[in-house]
Colleague: 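If you scroll down you'll find the structure; I have some questions about it.
Index from 1, following the sequence.
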Amino acid sequence: MPLRLYKHSLGELVRVICFTAAVLAVVTAFGAIIKPLAGDAPLSAAQAVKYVGLSMVPMMQYALPFAAGFGATIVLHRMATDNEVMAMAVSGLRYRTILAPVMALGVLLVLIMVLLVQVAIPRVYAIMGRIIAGDLTALMAHAVDHGQPVRFGDMEIWAESMRVVPSPSDSDADERIELRRMVAAKIGPGGGIESDVSAAAAVLDLYEREGIVLIRLAMDDAVSWDATAGSLRGFPRLEPTHAVPVPLPERTEPMAMTQAELLAVDADPSRYPSISAQYQTLKDELRQAAQRRAIGIELGRVGHVDFQVADQTGHQWRVAATALEHGVLRGSPSKSVTITELNRSGAPIRVFLPQNARVSVEDGGFGGVDRRLVLDMHDVTVKDPPRTDRPNHRAAVLVGNIRPLEVDAAPVDETSSELLARGQAAESVPQIRRVLDRIEHETQNLHGQVVSRLWRRWAVAATAGLLPLLGAILALNMRSAQPLSIYLVAFVPALLNLVLITGGSGFMRQGDVLGGLAVMWSGNIVLLIIIAIGWRRLARH
């Protein structure tokens with residue numbers, strides 16, 4: 001075995017490839033920092049340098065294959081023009097022996113690329129995402145310093161000043177942020193403000209868990225406005241019961257997930273943040289359906305339902321109707337929908353005769369510690385006993401802060417599959433059917449992303465193994481041409497291959513797996529065909 005030949009060839013190849021890959025990675029990494037610096041990311045100089053350094057790792061998935069092809073082209077072309085290849089051939093070495101170091105290097109590059117694209121690069125993407133987003137403390141400090149609000153999930157916060165307390169002694173939180181003169185708003189699905197609260201002082205306790213940060217908020221001397229209930233209330237101290245979850249970047253993008261993590265979320269889609277939010281919506285809709293079912297049963301049994309007000313007045317609301325269909329109260333020709341407010345002793349205070357009335361269960365927002373029932377009435381005739389002969393008319397009346405009926409609660413440790421089974425059992429309800437459809441659609445979309453991402457990584461890794469052999473064979477066949485001209489011949493199909501890999505990945509995300517695989521691997525097949533033709537020509541001459 002020509003060990004001296006292999007040592008000489010591999011040494012030259014590794015030296016040129018490493019130098020070329022380093023130059024390409026550095027140049028492209030500096031290009032990657034332009035967009036973050038042009039945005040509003042709170043990046044310091046040290047973070048920018050760290051970001052550039054980390055960017056070199058993902059850039060290697062493109063720099064390494066092209067550097068390998070360039071290095072093999074340069075080294076083999078020099079050996080051919082110096083007649084080293086001819087001397088080896090005359091001495092009895094076959095071309096497969098001469099090119100064995102290139103083929104061995106190609107196999108090694110495939111293994112290195114698999115580790116890079118399936119493990120190392122996704123983890124680096126996650127770290128880069130956290131640098132761009134900044135940790136929550138840095139993000140909050142940047143917003144406070146610039147007088148801007150910062151958004152966590154569906155909550156937006158503005159504060160005049162802040163102080164950070166790491167590992168507070170009176171709590172098991174990882175970090176505490178103390179705010180002064182704070183305003184927080186809860187943003188609804190449509191982008192509008194559902195409720196807001198202002199406080200003289202507030203405390204945000206941060207708890208970092210697997211792939212997520214939980215924010216618990218407590219406010220002193222607070223004033224809350226609830227748009228749903230239409231009420232303004234003050235509190236000496238306000239502590240919402242639900243923590244605000246903020247997913248970390250490594251749990252939100254498939255590109256920042258390793259192969260094991262992609263397979264895990266594909267097996268259990270409820271672990272994926274956007275799908276997890278849909279499961280929470282399904283749970284809310286099931287709670288809504290249970291509440292509507294309980295109200296409907298009570299209406300069918302006695303013709304009315306009495307609700308307690310969630311305050312200290314002791315008032316009640318009596319809803320009289322024939323039925324409740326999908327949240328809409330229905331009357332009959334002989335019995336119209338009537339909603340009556342009763343005082344503590346049961347005497348009527350006001351009587352509402354709406355043409356249209358809906359019942360829903362809403363979150364308590366900043367001002368509530370539990371859920372509440374909301375009566376939304378339109379085209380309403382209002383009577384004030386005892387002067388019922390002088391009614392007045394209102395276009396709309398919204399009554400919130402009503403305690404819902406007690407219904408059977410779902411198990412606390414209910415799994416996603418059990419929740420999905422409960423939803424499928426109640427899919428006749430339109431609202432639940434729509435949520436189930438969204439879950440199915442997003443699950444299929446996630447599966448397409450997982451499959452395309454995994455196959456794309458394998459295709460890129462295979463490209464890294466083919467380009468060195470392609471460059472070497474073209475260099476031997478085109479020994480009289482300039483090295484850069486030879487590399488250009490290899491560069492065009494290699495670039496086309498990357499385009500086809502990206503296009504095939506898009507087809508797979510849209511559900512066409514077979515078509516996507518055919519497009520994705522067609523570029524590598526073309527490279528193999530060019531290599532086979534070049535090899536045959538080399539062997540013939």
Side-chain angles (χ1 to χ4, degrees), residues 33 36-37 39-54 123-187 193 195-224 235-253 256 273 365-367 369:
I33 194 64
L37 289 178
D40 295 328
L43 287 181
S44 63
Q47 287 175 317
V49 172
K50 182 180 179 181
Y51 185 87
V52 171
L54 290 171
R123 291 180 177 175
V124 172
Y125 269 137
I127 299 173
M128 291 169 62
R130 296 193 66 176
I131 292 175
I132 291 298
D135 57 48
L136 298 185
T137 305
L139 191 64
M140 192 74 205
H142 181 266
V144 171
D145 291 342
H146 290 77
Q148 298 173 345
V150 62
R151 185 164 179 172
F152 301 129
D154 62 352
M155 182 173 64
E156 199 167 81
I157 296 177
W158 179 91
E160 185 177 280
S161 62
M162 64 174 284
R163 185 171 75 95
V164 180
V165 181
S167 302
S169 58
D170 60 343
S171 170
D172 60 348
D174 298 298
E175 199 169 39
R176 171 172 291 174
I177 300 176
E178 296 178 353
L179 304 175
R180 289 190 58 79
R181 296 185 180 179
M182 184 273 296
V183 177
K186 182 180 179 183
I187 310 300
I193 296 178
S195 57
D196 63 73
V197 60
S198 59
V203 171
L204 275 69
D205 281 347
L206 310 182
Y207 302 82
E208 186 165 345
R209 300 293 184 261
E210 181 184 359
I212 203 169
V213 172
L214 298 176
I215 302 178
R216 296 201 67 91
L217 181 65
M219 293 160 279
D220 292 326
D221 192 13
V223 177
S224 172
F235 302 88
R237 185 170 179 83
L238 181 60
E239 296 187 45
T241 55
H242 300 294
V244 178
V246 181
L248 297 176
E250 59 262 36
R251 301 298 301 160
T252 57
E253 291 294 336
F366 290 111
V369 294

Colleague: Who pairs with Val165 by side chain to side chain contact (heavy atoms under 4.5 Å, CB included), at least two apart in sequence or on another chain?
Modeller: Arg163, Pro168, Arg176, Glu178
Colleague: Considering residues at least two apart in sequence or located in another chain, which fulfil the salt bridge (Lys or Arg N to Asp or Glu O under 4.0 Å) criterion with Arg123?
Modeller: none
Colleague: Of all residues at least two apart in sequence or in a different chain, which pass the side chain to side chain contact (heavy atoms under 4.5 Å, CB included) check with Pro149?
Modeller: Glu156, Trp158
Colleague: Using side chain to side chain donor-acceptor pair (under 3.5 Å) as the criterion, list what pairs up with Arg180, not counting sequence neighbours.
Modeller: none
Colleague: Can you tell if the side chain of Asp174 reaches within under 4.5 Å of the side chain of Leu206, non-hydrogen atoms only?
Modeller: no
Colleague: Looking only at heavy atoms, what is the nearest atom pair of Ala199 and Asp220, with distance?
Modeller: CB-O, 3.5 Å
Colleague: Heavy atoms only: give me the nearest Val144-Met162 pair and the separation to one decimal.
Modeller: CG2-SD, 4.0 Å
Colleague: What heavy-atom pair brings Ala222 and Val197 nearest, and what distance separates the two atoms?
Modeller: CB-CG2, 3.8 Å
Colleague: Going from CG on Leu179 to CD on Glu160, what distance comes out if it is rounded to the nearest 0.5 angstrom?
Modeller: 11.0 Å
